[in-house]
Amino acid sequence: MARHLITSAIPYINGIKHLGNLVGSQLPADLFARYQRARGHEVMFICATDEHGTPAELAAAKAGKPVAEYCTEMHEVQAEIARGFKLSFDHFGRSSSAQNRKLTQHFAVQLAKAGLLREVTEKQMYSKADGRFLPDRYIEGTCPNCGFESARGDQCDNCTKQLDPVDLINPHSVISGSTDLELRETKHLFLRQSAMKDQLDAWIDSKTDWPILTTSIAKKWLHDGDGLQDRGITRDLSWGVPAQFEGAPWSGMEGKVFYVWFDAPIEYLAATQEWADKTGGDWERWWRTDKGADDVTYTEFMGKDNVPFHTLSFPATILGSNEPWKLVDYIKSFNYLNYDGGQFSTSRGRGVFMDQALEILPADYWRWWLLSHAPESADSEFTWENFQTSVNKDLADVLGNFVSRITKFTRSKFGEALPEGGAWGEQEDALIAELTTRIRAYETHMEAMDIRKSAAELRAIWVAGNEYLQASAPWSAFKTDPDRAAAIARLALNLIPLYAVLSAPFIPDAADSMLGAMQTEDRSWPQDVKAALTALPAGHAFVTPEVLFRKIADEEREDWQKRFAGTRD
RNA sequence: GGCUAGGUAGCUCAGCUGGUUAGAGCACACGACUCAUAAUCGUGGGGUCGGGGGUUCAAGUCCCCCCCUCGCCA
């Protein structure tokens, strides 16, 4: 039995995520976790909310709530949606936890002791009215280049020119509107990533089996221009992990917090600790190679925007600590999912968001489409037409109808129990041979995290059931040789639990319904297909299930198309 | 402008280190079947593999130039 540590990139606390965010990390991570559990391996599947930083503070202020309270509420909202999508986290943590605070401070101290932190004095805009330093993008003014009046401090959205806040004409705070801004000196801690460049470079080079998307992004950051740059890991904020040195204020860093991108990945460890504190489990067994984690395989899932932090900054933190923490073994990264010819847009309400998706259809419909179209090799696109055809064809016609046709046939000819009599022949041998080949291929693709290929293979396995029924034609056999029809029905009914077990990582609810209908709890993996197809004996009672997947009608599709075109506020 | 990844049947995509007539699903046409959610199964039509040049006995697959998308960065 192997041990798999699996983490999904942690979603920011602010707002509800769209389907592109879901398919880029949480959903494929869940697929992998469910598969590894089904194969009998020990799995620790971790996710969390990323709660610190300025956007959370501002969103809380807008909602008229203290930021901690706002985060608690939003965490529960996201947790509820995750449950709705059947994301099987062993723990869904919070980066604002006490565990993360302590670990983040610990790593900072370790890095300082290793000489990997340096102080940098820089000038930053300070707003007297807001009583705080302002990140560049929270300052707006007139663009000196094109005259656009709402240019941000980091970039003009009109002419795309990169800006410095001091370049802006009439700069003002986005938060309060105040123009009473001044440049002030402030000190920050920088992580000396540049000092670790060669070490990181060699490490990335050793990962020859990683997706090209992952390694190419890492190498670009390592080699572009002047190479890997040092990175500020503190901010002048109040909402975050306080910069402390072994329990005392960090000299020169009083009142500052660690940057959200420093503490967020550390939350993977902290969330596991949160899990341990809640369940009495042992979290270091998953994370400390000196405490049992040397046999753990650690896989991270994320969208491509998260790759630099997970290939460079976070490993720099781990390696630089000089402590035996578990380093990632495989990074599965994803491109973006576009929406109907453009991008999903949170601000313009363009596209389908996780809560809305669950309002209109059950989780399995979304899981199937998103996973079978996962943006692995390139950006992919969600269109309602494609969604409708895939769901109707794959789920309703191929899988759902298979379950329906064989259960109803058996019920009408033999009653609601597996019929007795008859023998297998060549058709059954052929089916077993085909299924065995395909299931082994499915396993290979799942192990390799080739998600689209896994989905295609699974679909082919479903199709094999329909082919078998078509070829063996029990409805004809019944007229001349009822025993033969009984043997066919018995085998076909055994295909239902087999399909349930194989399909569960993709469509867990449907899998439960299928097992429920067949009145079995056996979820063991079909290592031996022939044995699996005789698992339920003659006489075993079943219940003819309700329609497993309903079809999406044209009118519904058109309706949704209009509804999600971009009006949500 | 730099960098990354792409540009393969109407649509969505497979095609590993170059090798027999370029594949799948959907859509389309025809046929079979009638147990089933008018579902299923079979057969077939359809591609000068973005354009041009080169290497090779042989290139979608390698090299060069150009065009076009997506994203990141300047």
Side-chain angles (χ1 to χ4, degrees), chain A residues 20 24 154-156 159-164 208-209 211-226 229 303-308 333-339 341-343 369 372-414 427 441 444-445 448 450-460 462-479 485 488-489 492-493 496 544-553:
Chain A
D154 54 346
Q155 183 178 38
C156 173
C159 68
T160 75
K161 187 176 172 58
Q162 297 286 307
L163 301 170
D164 209 10
T208 50
D209 61 332
I212 294 170
L213 182 66
T214 304
T215 49
S216 68
I217 292 174
K219 283 179 181 168
K220 173 182 152 46
W221 282 62
L222 279 163
H223 301 299
D224 246 31
D226 299 328
Q229 298 299 299
K304 58 182 169 185
D305 51 328
N306 274 331
V307 169
S333 56
F334 291 85
N335 285 285
Y336 292 142
L337 179 70
N338 290 317
Y339 180 80
Q343 293 185 2
W369 189 89
S372 60
H373 294 78
E376 291 178 293
S377 59
D379 288 359
S380 67
E381 177 153 317
F382 177 90
T383 64
W384 285 102
E385 288 83 358
N386 190 313
F387 178 67
Q388 181 191 22
T389 340
S390 293
V391 164
N392 289 355
K393 194 74 192 169
D394 300 346
L395 296 181
D397 294 347
V398 175
L399 177 62
N401 182 52
F402 172 79
V403 172
S404 187
R405 68 192 294 201
I406 189 58
T407 49
K408 286 184 179 168
F409 171 81
T410 308
R411 180 176 62 180
S412 70
K413 307 297 184 198
F414 301 99
Q427 282 166 330
T444 304
H445 290 140
D450 277 334
I451 296 173
R452 284 178 179 231
K453 288 181 181 172
S454 302
E457 198 60 53
L458 181 59
R459 186 188 188 282
W462 297 339
V463 166
N466 282 315
E467 283 170 350
Y468 170 70
L469 282 186
Q470 210 64 32
S472 59
W475 46 89
S476 301
F478 186 75
K479 294 169 190 162
I488 295 168
L493 288 165
I496 296 174
T544 302
E546 296 298 310
V547 165
L548 212 50
F549 295 100
R550 71 173 187 83
K551 294 203 195 191
I552 297 170

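All values below were derived from every heavy atom in this structure, side-chain atoms included, with hydrogens, water molecules and symmetry-related copies excluded. Order of the sequence lines fixes the chain letters, A, B, ..., with proteins taken first and strands second; residue numbering starts at 1 for each chain.
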(message) Side chain of A/His373, heavy atoms from C-beta onward: which of B/U37, B/U12, B/U40 has the nearest atom to it?
(response) B/U12
(message) Do A/Ile552 and A/Phe387 have side chains that approach each other closer than 4.5 Å (heavy atoms only, starting at C-beta)?
(response) yes
(message) Work out how far the C1' atom of B/A27 is from that of B/C70, and round it to whole angstrom.
(response) 26 Å
(request) May I have the distance from A/Ile451 (atom CD1) to B/C13 (atom C1'), rounded to whole angstrom? (result) 15 Å
(request) Any chance you could encode RNA chain B as dot-bracket? Rule is Watson-Crick or G-U wobble with both distances under 3.5 Å; [ ] for pairs crossing earlier ones, | for another strand. (result) (((.(((..((((.....[...)))).(((((.......))))).....(((((..]....)))))))).))).
(message) Nearest whole Å is fine: how far is B/A39 C1' from A/Lys393 NZ?
(response) 8 Å
(message) Expressed as a whole number of angstroms, how long is the span from A/Ile496:CD1 to B/A36:C1'?
(response) 12 Å
(request) For A/Asn392 and B/C11, give me the distance from atom CG to atom P, rounded to whole Å. (result) 22 Å
(request) Please round to the nearest 0.5 Å and tell me the distance separating atom CG of A/Leu399 and atom CG of A/Asp394. (result) 9.5 Å
(request) Could you check whether A/Phe549 gets within reach of a base, just the sugar-phosphate, or nothing at all, counting any heavy atom under 4.0 Å? (result) base
(message) Can you tell me which nucleotide in B/U37, B/C41, B/U12 comes closest to the side chain of A/Glu467?
(response) B/C41
(message) Categorize A/Leu469 for me: base, sugar-phosphate, or nothing, with a 4.0 angstrom heavy-atom threshold over every strand shown.
(response) nothing
(message) Just N and O in the side chain of A/Lys551: are any of them under 4.0 Å from OP1 or OP2 of B/A38?
(response) no
(request) Round to a whole Å and report the spacing from CG of A/Asp394 to C1' of B/U37. (result) 15 Å
Polar pairs (N or O, both sides) under 3.5 Å between protein and nucleotides 15-17 of chain B?
unit_1 : atom_1 : unit_2   : atom_2 : d
B/G15  : OP1    : A/Lys453 : NZ     : 3.1

(request) Check the distance between B/U12's P and A/Asn386's CG and give it to me in whole angstrom. (result) 8 Å
(request) With heavy atoms under 4.0 Å as the rule, sort A/Val463 into base, sugar-phosphate or nothing. (result) sugar-phosphate
(message) Looking at the base of B/A36, is there any donor atom on it, or on the side chain of A/Asn401, that sits under 3.5 Å from an acceptor on the other one?
(response) yes
(message) Work out how far the P atom of B/G42 is from that of B/C3, and round it to whole angstrom.
(response) 48 Å
(request) Find the distance A/Gln388:CD to B/C26:P and express it as a whole number of Å. (result) 15 Å
(request) Return the nearest nucleotide to the side chain of A/Arg452; candidates are B/C26, B/U37, B/C13. (result) B/C13
(message) Can you measure A/Leu395 atom CG to B/C26 atom P for me and round it to whole angstrom units?
(response) 13 Å
(message) Ring centres under 6.0 Å, that's the criterion: do A/Phe402 and A/Tyr468 meet it?
(response) no
(request) Quote, to the nearest angstrom, the P distance that separates B/C16 from B/G53. (result) 24 Å
(request) Check every atom of B/G25, B/A39, B/A36 against the side chain of A/Arg459 and return the nucleotide holding the closest atom. (result) B/G25
Mind listing the N/O atom pairs, protein and nucleotides 31-34 of chain B, below 3.5 Å?
unit_1 : atom_1 : unit_2   : atom_2 : d
B/C33  : O2'    : A/Trp475 : NE1    : 3.3

(request) For A/Ser404, report the nucleic acid contact type (base, sugar-phosphate, nothing); a contact means any heavy atom under 4.0 Å. (result) base
